[in-house]
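A short write-up of the structure that comes next.
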Amino acid sequence: MNIYNDLHSIIIQIANKLGLKDRYILDKITSEPPKEKSYGDISTNLALIGSKILNKTPHNLADEIIKELLKLKIVSKALVAGPGFINLHLEDKVWHECCKYALDKKSDYGKNELGKNKKVNIEFVSANPTGPMHIGHARGAVYGDSLANILCFSGYEVTREYYINDSGEQVNNLARSVYKRYLEILTNKKLDFENDLYPGEYLIPIAKKIIKKYDNKFSDKSEPVWIDRFKRISINHIMDYIKKDLSNLGIKHDIFISEKSLISSNSIDKVVNILRNKNLIYEGELEPPKGKKINNWEIRKQLLFKSSHFGDDVDRPLTKSDGSWTYFASDAAYHYEKCNRKFSTLINIWGADHGGYVKRIRGVVQAVSESQIDFDVKLCQLVNIVKDGKPVKMSKREGNFISLKSVVDTVGPDVLRFIMLTRKNDASLDFDIKKVTESSNENPVYYVQYAHARIKSLHKKASIEGIKDIDFVNDPNFSLLKNTSEINLMKLVATWPRVIELAAKSHEPHRITYFLTDIASEFHYLWTLGNSREELRYIIPKDKELTIARLSLAETVRTVISSGLQLIGVKPLEVLK
RNA sequence: GCGCUCGUAGCUCAACUGGAUAGAGUGUCUGACUACGGAUCAGAAGGUUGGGGGUUCGAAUCCUCUCGGGCGCGCCA
């Protein structure tokens, strides 16, 4: 039950009746709660959209529409306002019905069928297997996982996927770094880690493991002898680190796809052939970028993808100078492979530093899927770590990464997850270590949790007064609740399905945290009213019917908060310490 | 040099994707607790949405120019 959708379809019917049939026009009609509460419950721009086509003034057209709307039993008032908006006020019983429905559905309240029979793939995290996760990875991880939850709730069949970049120079350097540690331990001497190597101490246990198994077998051997073995062992070990980090955040991927396996299964050749057949690949030369100093740029022929056909500024190379594939080539193969798995939507969660990469991959997806697959890339801005009011620079060289584990260990996964969703993905986010670890009341998550815990404590109190849980669903008489704040609370409960839909459609999980803060705020307000006005308290021992109605309302609020928190991966608390 | 992206209250950010008088938190000031949990609530103050131009009934949102920050621009991934 989504009252906003119900009314919107009625409004579209009226539009049809008036002679508006064009799909393009109909799509421009909106029905939404106005920002200003006093305007009413739902506002539509139908008269503004239709006036030109029907050759009427917006106000005249609005009068006709209002006549139709007033025929509906649930509409108490319909007024034209401003340039031609129509504002609808609904009967209170509408909200009563919504709340009864919510009570009945419990934790299923808010589900919808947007994604019925649709498969969606969300690729997120995909941190390189060269070290444990640091705090900067957390945002994409939380964002992707929460979005996956929301899409599940909206009826999609969701696959959570992790792409392991286990091929190329980067993982060679990983193996070389482990080898250094291996020699260090065997010779008991400190070695120098050159620029491209990983100096982190987390590689020492891996080296020890190798020594335990092979002793000094590789200490005097040349690189080709040991590198593949070192690589395999190191990657496996580090992926275990990463999986542990993810699991501490409550995240579990369904599928881990290996770049290396794509290369060995010839997927790259396949996608290159397909693109070649579509005339999107050619041998050509690339100019060096202007205004940027590049040493040793030599113009040479290479295999290029015509990404400029898809809005990219230049065509992009598929091969390196030594003839091996670029990262783009294997990523093209990866996306080709995803397209073959019959998803209707592919979502990629990337760091903002990959922004320049979007167009070429979109080009590949469009080309191989004949534009049949929705493709959305969400770029998460980097997280600025702030300590004592100053930004902390993290660098691989200095090894001063703040590990995800250390933050989760101090603040817990719930606080971290909530904070990461208090910004929309494309805005940068300041993560103040001090604020988050030391003064917990600065965290908005506690504000919401507090509302949840208060409602839980109402249950306990009520059962002392002889009102058991079972009474909540026993057809509460919501018409006893007439205070503005009570009605507002019901309206917020009624809005919940709409919030989910919007979050799912726009791929914006942060809407959930904002909504939860709103509904918690209204709840706290009503609670405090009870301080000065005893008749507005939730529990009125002399009036059982009223108490049940009010507690039932509180229970719908709790239901919404509880499922909202769970959607973003936060555990609702029954008690705040 | 080119491309992408962001710019909103002192600070950190929202704004239902083109809607009406741009909203929260925090900070500052002033108030409300013998309470169903004060980790709460109320009030005050704070704005030319970086700037100019354009599109239309209507712009923080779209187009254009401009200023400023971030990211990226073959042989890292």
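Proteins come first, then strands; the chains are lettered A, B, ... in the order of their sequence lines, and each starts at number 1.
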- Message: Suppose you measure atom C1' in B:rG58 against the same atom in B:rG51; what distance do you get, rounded to whole Å?
- Response: 22 Å
- For the residue pair A:Y357 and A:Y327, does the interplanar ring angle fall in the parallel (under 30°), tilted (30 to 60°) or perpendicular (over 60°) class? tilted
- Query: For B:rG68, which nucleotide is its Watson-Crick or G-U wobble mate, given both distances must be under 3.5 Å?
  - Reply: B:rC6
- Query: How many Å lie between CD1 on A:I42 and C1' on B:rC16, as a whole number?
  - Reply: 13 Å
- Query: Between the base of B:rC16 and the side chain of A:R498, is there a donor-acceptor distance below 3.5 Å?
  - Reply: yes
- Query: Rounding to the closest angstrom, what is the interatomic distance between B:rA22 and B:rG50 at atom P?
  - Reply: 15 Å
- Using a cut-off of 4.0 Å on non-hydrogen atoms, how would the nucleic acid contact of A:Y514 be classed: base, sugar-phosphate, or nothing? sugar-phosphate
- Task: For the residue pair A:S485 and A:E522, confirm or rule out a side-chain donor-acceptor distance under 3.5 Å.
- Result: yes
- Near-ring test A:Y39/A:H89, centroid separation under 6.0 angstrom: no
- A:F85 on top of B:rG19's base, within under 5.5 Å and under 30°? no
- Give the rounded distance in Å between these two atoms: CD of A:E555 and C1' of B:rC36. 15 Å
- Task: Scan A:Y525 against the nucleic acid and name what it touches under 4.0 Å (heavy atoms): base, sugar-phosphate only, or nothing.
- Result: sugar-phosphate
- Query: Is A:S126 touching bases, backbone alone, or none of the nucleic acid, heavy atoms closer than 4.0 Å?
  - Reply: nothing
- Query: How far does the C1' atom of B:rA9 sit from the matching atom of B:rA14, given to the nearest Å?
  - Reply: 13 Å
- Syn-anti status, with the boundary at 90° from 0, for the nucleotide B:rU17: syn
- To the nearest Å, give me how far apart CG (A:N425) and C1' (B:rU17) are. 13 Å
- Message: Considering every strand and a 4.0 Å limit on heavy-atom distances, what is the contact class for A:L48: base, sugar-phosphate, or nothing?
- Response: base
- Message: Applying the Watson-Crick and G-U wobble criteria at under 3.5 Å, what pairs with B:rA60? Answer none if nothing qualifies.
- Response: none
- Query: Distance check: side-chain N/O of A:K505 vs OP1/OP2 of B:rC16, anything under 4.0 Å?
  - Reply: no
- Query: Any side-chain N or O of A:R454 under 4.0 Å from OP1/OP2 of B:rG37?
  - Reply: no
- Pick the P atom in B:rU5 and in B:rC63, then give their distance to the nearest Å. 9 Å
- Between A:R300 and A:E298, is there a salt bridge with N-O shorter than 4.0 Å? no
- Query: Can you tell me the Watson-Crick or wobble partner of B:rU17, both distances under 3.5 angstrom?
  - Reply: none
- Item | C1'-based separation of B:rA60 from B:rG19 [nearest Å] | 12 Å
- Message: Side chain of A:L502, heavy atoms from C-beta onward: which of B:rC16, B:rG19, B:rA14 has the nearest atom to it?
- Response: B:rC16
- Message: Reading RNA chain B from 5' onward, which residue's closest nucleotide shows up sooner: A:L576 or A:L379?
- Response: A:L379
- Note on the structure: Result for 5'-nearest mapping on RNA chain B, choosing between A:K52 and A:K378, is A:K378
- hbond_proxy A:N531 side chain to B:rA42 base (donor-acceptor, 3.5 Å cutoff): no
- Task: Name the nucleic acid region contacted by A:P33, choosing base, sugar-phosphate or nothing; use a 4.0 angstrom heavy-atom cut-off, strictly under.
- Result: base
- Query: So what does A:N87 touch, heavy atoms closer than 4.0 Å: a base, only the sugar-phosphate, or nothing?
  - Reply: base
- Query: In whole angstrom, what separates A:R362's CZ from B:rG3's C1'?
  - Reply: 15 Å
- Message: At 4.0 Å (heavy atoms only), tell me whether A:K460 reaches a base, stays on the sugar-phosphate, or touches nothing.
- Response: nothing
- Item | Whole-Å C1' distance, B:rA24 and B:rC16 | 15 Å
- Task: Hunt down the Watson-Crick or G-U wobble partner of B:rA44, both distances under 3.5 Å, from any strand shown, or write none.
- Result: B:rU28
- Query: Between A:K456 and A:E574, does at least one N-O distance fall below 4.0 Å, as a salt bridge requires?
  - Reply: yes
- Ring center gap for A:F193 and A:Y198 short of 6.0 angstrom: no
- Can you tell me if the side-chain N/O atoms of A:S457 get under 4.0 Å from OP1 or OP2 in B:rC36? no
- Using a 4.0 Å heavy-atom cut-off across all strands, classify A:V575 as base, sugar-phosphate, or nothing. base
- Whole-Å distance between B:rC36 P and A:E534 CD? 8 Å
- Query: What nucleic acid atoms does A:A451 come within less than 4.0 Å of, heavy atoms only: base, sugar-phosphate, or nothing?
  - Reply: nothing
- Do A:S532 and B:rA32 have a side chain to base donor-acceptor pair shorter than 3.5 Å? no
- Below 4.0 angstrom from OP1 or OP2 of B:rG37, is there any side-chain N or O of A:Y538? no
- Nearest whole angstrom, please: distance from the C1' of B:rA39 to the CG of A:L516. 17 Å
- Item | Nucleotide B:rG58, atom C1' - distance to NZ of A:K35 in whole Å | 12 Å
- Identify whether the distance between the nearest side-chain nitrogen and carboxylate oxygen of A:R511 and A:E501 falls below 4.0 Å. no
- Query: If we take the C1' atom in both B:rG47 and B:rC41, what is their distance in whole Å?
  - Reply: 26 Å
- Message: Need the pair for B:rG1. Rule: Watson-Crick or G-U wobble, both distances under 3.5 Å, any strand; none if unpaired.
- Response: B:rC73
- C1' gap between B:rG54 and B:rA59, integer Å: 11 Å
- Message: Less than 4.0 angstrom from a charged side-chain N to a carboxylate O is my criterion; do A:R558 and A:E555 meet it?
- Response: yes
- Selection from B:rU17, B:rC4, B:rU40 that lies nearest to any side-chain heavy atom of A:R511: B:rU17
- Between atom NE2 in A:H524 and atom C1' in B:rC36, what is the gap in whole Å? 14 Å
- Message: Using side-chain heavy atoms (C-beta onward) and a distance below 4.5 Å, is A:Y447 in contact with A:S521?
- Response: yes
- Considering only NZ, NE, NH1 and NH2 on the basic side and carboxylate oxygens on the acidic side, decide whether A:K56 and A:E64 come within less than 4.0 Å. yes
- Query: Do the side-chain N or O atoms of A:H459 get closer than 4.0 angstrom to the phosphate oxygens (OP1, OP2) of B:rG37?
  - Reply: no
- Task: Inspect the contact between A:E486 and A:R550 and indicate whether a charged nitrogen and a carboxylate oxygen are less than 4.0 angstrom apart.
- Result: yes
- Message: Quick check: A:F124 with A:Y143 (ring centres under 6.0 Å apart)?
- Response: no
- Summarise how protein sits on nucleotides 70-77 of chain B as a single string, 5' to 3': B when a protein heavy atom is under 4.0 Å from the base, S for sugar-phosphate-only contact, - for no contact. -SSBBBSB
